[in-house]
Amino acid sequence: MQIKPILAALRHHKAGTLLIAAQIALTLAIVCNALFIIHARLVRLHQPSGIDEASLLVIGNQWAGKPGSDQMASLMAADLDTLRKVPGVANVYATNTFPLGNGGMALGVSHSPDKLKSVTTSGIYFADENALATLGLKLVEGRNFRPDEIGQLDRQGYVKPDVVIITRALAALMFPQRSAIGQPIYISAKPSIVIGIVDELRTPWVDTSFAKWADYSTLIPYRELTPIVQYIVRVQPGQLDEVMHRVRAALYAANRLRVISPKDGVRSFAQVREQAYRDDRGMAILMSGISVILLLITGAGIVGLTSFWVGQRRKQIGVRRALGATRHDILSYFLTENLLIAVGGVVLGGVLAIGLNLWLMKQFELDRLAPGYLLAGVVTLLLLGQGAVLAPALRASRVPPVEATRSI
Amino acid sequence: MLKMTHLSKVYRTEVVETYALRDFNIDVKEGEFVAVTGPSGSGKTTFLTIAGLLETFTGGEYHLDNIEVSNLDDNARSKIRNEKIGFIFQAFNLIPDLNVFDNVEVPLRYRGMKAPERKERIMGALERVGLASRAKHYPAELSGGQQQRVAIARALAGSPRLLLADEPTGNLDTQMARGVLELLEEIHREGATIVMVTHDPELAARAQRNVHIIDGQVVDLAEDPRFHTAYTAAAGQVRG
Ligand SMILES: Nc1ncnc2c1ncn2[C@@H]1O[C@H](COP(=O)(O)OP(=O)(O)OP(=O)(O)O)[C@@H](O)[C@H]1O
Ligand SMILES: [Mg+2]
């Protein structure tokens with residue numbers, strides 16, 4: 001109802017009006033993109049890895065005293081035996097890395113020995129006949145590795161497996177028309193026959209730059225003979241905490257010449273996941289913090305400017321009251337005025353937000369901003385504006401009509 | 001129209017109590033044109049602000065249009081100010097951010113009047129004061145006399161029955177003051193009740209009745225021997 005005269009009056013307060021509108025616009029642009037990024041990060045925190053994380057432990061073992069390859073093979077076999085005998089342990093195998101481990105080996109996968117013609121990159125997991133059962137992977141086609149197929153790989157060795165187990169996603173990529181079982185793929189100069197397909201197994205890396213081939217994992221039948229080895233232990237239901245303590249003691253009791261870090265030598269997958277996404281979590285917290293600070297600054301700016309305007313206009317508020325304005329009329333004047341400025345701000349901010357998103361899409365391969373975030377940002381800023389303006393507007397509504405007659 | 005009996009107004013600050021009005025009695029009849037005079041600080045503005053419901057009073061009674069106003073809530077008081085009373089201030093009090101048209105529109109909007117009627121009344125009022133051609137001007141672009149005429153148009157547009165003016169010519173030169181007074185006289189002839197505070201004996205003399213306030217009380221100059229001489233002298237000046 002009062003929109004026209006309010007707009008007319010605002011034309012005489014261009015600087016303040018533009019300042020607040022611009023502040024609202026910038027805040028909207030940044031906050032809704034931040035919200036979008038935060039949400040994307042939080043979603044990642046819960047991305048499934050494909051393995052049965054709740055029942056798994058990982059032990060990082062490092063041999064002391066520089067044992068030779070033969071020695072390491074027997075030490076490893078002994079450890080696997082020891083672990084298997086620990087009460088509460090259901091299964092165990094030794095590997096180079098594991099999902100969420102953020103490290104490991106990646107190889108190109110081709111239809112021919114020509115490395116340059118690889119179809120995709122695949123994350124390579126060293127595995128034995130116990131790997132599938134330990135990780136809780138579901139074999140959807142084909143068979144598991146046999147014990148006699150498990151090879152040893154020392155430092156000088158090359159990965160050239162006769163047989164491999166791959167994920168369903170990789171199988172579908174390599175052989176879209178037919179079953180991959182029995183087909184050769186090349187991760188070395190030698191063909192490797194696909195003998196099994198597992199449902200889902202993510203590659204070890206959580207970074208978004210690996211996201212393109214996160215589902216393309218390959219299990220190869222090798223034990224890696226390096227001084228550092230990871231034992232993946234499957235625990236019987238409900239015994240995770242107890243087994244975590246028992247395994248360390250059991251390994252040290254069997255052989256003292258090793259280092260299992262007291263801090264993170266034995267980890268549950270909850271801890272592994274927490275560490276893997278530490279940066280994402282940190283980023284989400286940082287962005288939330290920045291958003292909150294921006295909103296606070298914008299709110300404070302509105303409170304400040306409106307308070308200033310109310311002080312400046314005391315006389316004219318008194319005049320309006322003298323001419324018949326009720327307290328409510330004055331209150332709604334300032335609320336409406338703020339709403340008009342804020343609407344201008346969010347319209348501009350919406351354009352800026354989309355622009356910023358386009359730029360981020362280009363620079364950081366971000367997704368397109370979902371409209372919901374823009375809407376949430378717009379609502380937030382409009383509410384923030386009304387909330388911030390309320391106190392000064394109430395003060396304005398309490399200016400007495402007699403103010404009209406005061407000369408100063 | 002406007003009747004105050006034993007009315008008092010006390011301003012309390014931390015250190016002193018000031019009786020701006022004490023045992024104040026006045027009865028302004030419908031259609032009267034009353035000029036209020038008195039020394040500075042005597043309580044003229046205080047009287048006018050209470051009469052116009054801009055402020056509450058401390059004791060006594062005030063009947064406006066036969067309504068005892070001390071029981072009214074803030075909204076009811078706003079409504080009366082809006083519909084029955086027109087104000088003209090010494091300092092014009094136009095809203096600097098609004099042009100002449102929008103200024104005159106302010107009370108009409110608060111009345112909830114529809115746009116076509118508002119426009120008709122605004123242009124009518126501006127024509128009355130001879131400023132229809134300045135509707136799009138801003139207050140800062142007008143002379144003092146023109147600004148006061150806009151203020152009068154603003155007071156008139158709502159057709160109030162009571163017009164309260166606090167030294168409406170105080171900031172104007174004689175020429176412009178005369179123009180403003182002629183306008184007020186014209187409005188009065190059309191039936192409005194006018195109460196005008198003024199320092200100017202010439203203007204006061206042109207009112208139907210003079211009320212003199214000293215120390216927060218109405219004194220009858222004609223009957224009080226203390227002021228008899230001064231009053232006749234002032235009146236004589238005008239007539240002579
Ligand atoms: N808000 C206030 N607080 C305290 N005292 C006040 C206030 N307003 C007016 N007064 C006092 O009340 C008395 C009457 O003041 P008022 O403004 O009514 O005088 P006036 O007759 O209009 O004077 P002038 O001719 O100078 O305008 C003065 O003593 C003044 O100091
Ligand atoms: Mg005064």
Side-chain angles (χ1 to χ4, degrees), chain A residues 1-18 20 305-306 308-338 340-341 393-408, chain B residues 9 44-46 48-50 52-56 73-99 101-115 136 138-140 151 154-155 157-158 160 164 166-167 170-171 197:
Chain A
M1 176 205 125
Q2 313 189 47
I3 289 176
K4 198 188 129 260
I6 292 176
L7 282 178
L10 277 179
R11 260 185 281 144
H12 296 261
H13 301 273
K14 281 201 191 80
T17 304
L18 289 180
I20 290 297
L305 185 72
T306 315
F308 173 69
W309 276 351
V310 168
Q312 210 185 28
R313 296 186 205 165
R314 275 187 78 81
K315 176 101 173 187
Q316 84 160 256
I317 294 165
V319 171
R320 285 176 184 277
R321 293 280 280 129
L323 296 176
T326 59
R327 282 186 190 143
H328 179 263
D329 286 329
I330 301 298
L331 182 68
S332 84
Y333 182 97
F334 282 95
L335 291 178
T336 309
E337 181 181 73
N338 173 268
L340 291 174
I341 298 174
L394 279 171
R395 224 177 304 131
S397 76
R398 286 193 290 263
V399 169
V402 71
E403 195 77 22
T405 64
R406 304 236 161 98
S407 37
I408 27 162
Chain B
K9 173 68 181 177
K44 304 182 297 293
T45 297
T46 306
L48 221 54
T49 56
I50 292 172
L53 305 188
L54 299 181
E55 200 159 26
T56 54
D73 69 8
D74 195 74
N75 284 346
R77 294 164 68 89
S78 298
K79 195 169 151 67
I80 291 178
R81 284 199 295 273
N82 184 255
E83 294 178 353
K84 291 193 180 166
I85 303 174
F87 285 98
I88 300 163
F89 305 92
Q90 178 175 358
F92 320 142
N93 283 358
L94 298 177
I95 294 170
D97 300 335
L98 300 179
N99 65 25
F101 185 96
D102 291 343
N103 260 287
V104 178
E105 193 177 36
V106 170
L108 304 184
R109 273 186 183 265
Y110 290 130
R111 199 180 286 191
M113 205 178 270
K114 295 257 176 301
K136 294 289 161 209
Y138 282 90
R154 181 173 67 183
L164 301 174
D166 193 355
E167 300 188 39
N171 284 358
V197 168

- Item | Best-contacting candidate, Glu105(B), Lys79(B), Arg154(B), against chain A by heavy atom pairs under 4.5 angstrom | Arg154(B)
- From the list Asp166(B), Leu98(B), Val106(B), Asp97(B), the residue making the most non-hydrogen contacts under 4.5 Å with chain A is Asp97(B)
- Contacting moiety of Asn93(B), where chain A heavy atoms sit under 4.5 Å: both
- Task: Show the numbers, then the answer: is there a side chain to side chain contact (heavy atoms under 4.5 Å, CB included) between Asn103(B) and Phe92(B)?
- Result: CA-CA 11 Å; Asn103(B) 260 287; Phe92(B) 320 142; over 6 Å; no
- Per-residue contact mode, His13(A) against chain B (heavy atom under 4.5 angstrom): side chain
- Note on the structure: Shortest non-hydrogen pair, Thr56(B) vs Lys9(B), comes out as O-NZ, 2.8 Å
- Item | Least distance between heavy atoms, Arg77(B) atom then Glu55(B) atom | NH2-O, 3.2 Å
- Query: Relative to chain B, which of Ala322(A), Gly318(A), Ala8(A), Pro400(A) shows the most heavy atom pairs under 4.5 Å?
  - Reply: Ala322(A)
- Message: Between Arg327(A), Arg313(A), Arg11(A), who has the most heavy-atom pairs with chain B when the cutoff is under 4.5 Å?
- Response: Arg327(A)
- Results of salt bridge (charged side-chain N to carboxylate O under 4.0 Å, His left out) for Arg314(A) - residues two or more places apart only: Glu403(A)
- Item | Worked verdict on Asp329(A) versus Thr326(A) for side chain to side chain donor-acceptor pair (under 3.5 Å) | CA-CA 5 Å; Asp329(A) 286 329; Thr326(A) 59; 3.1 Å; yes
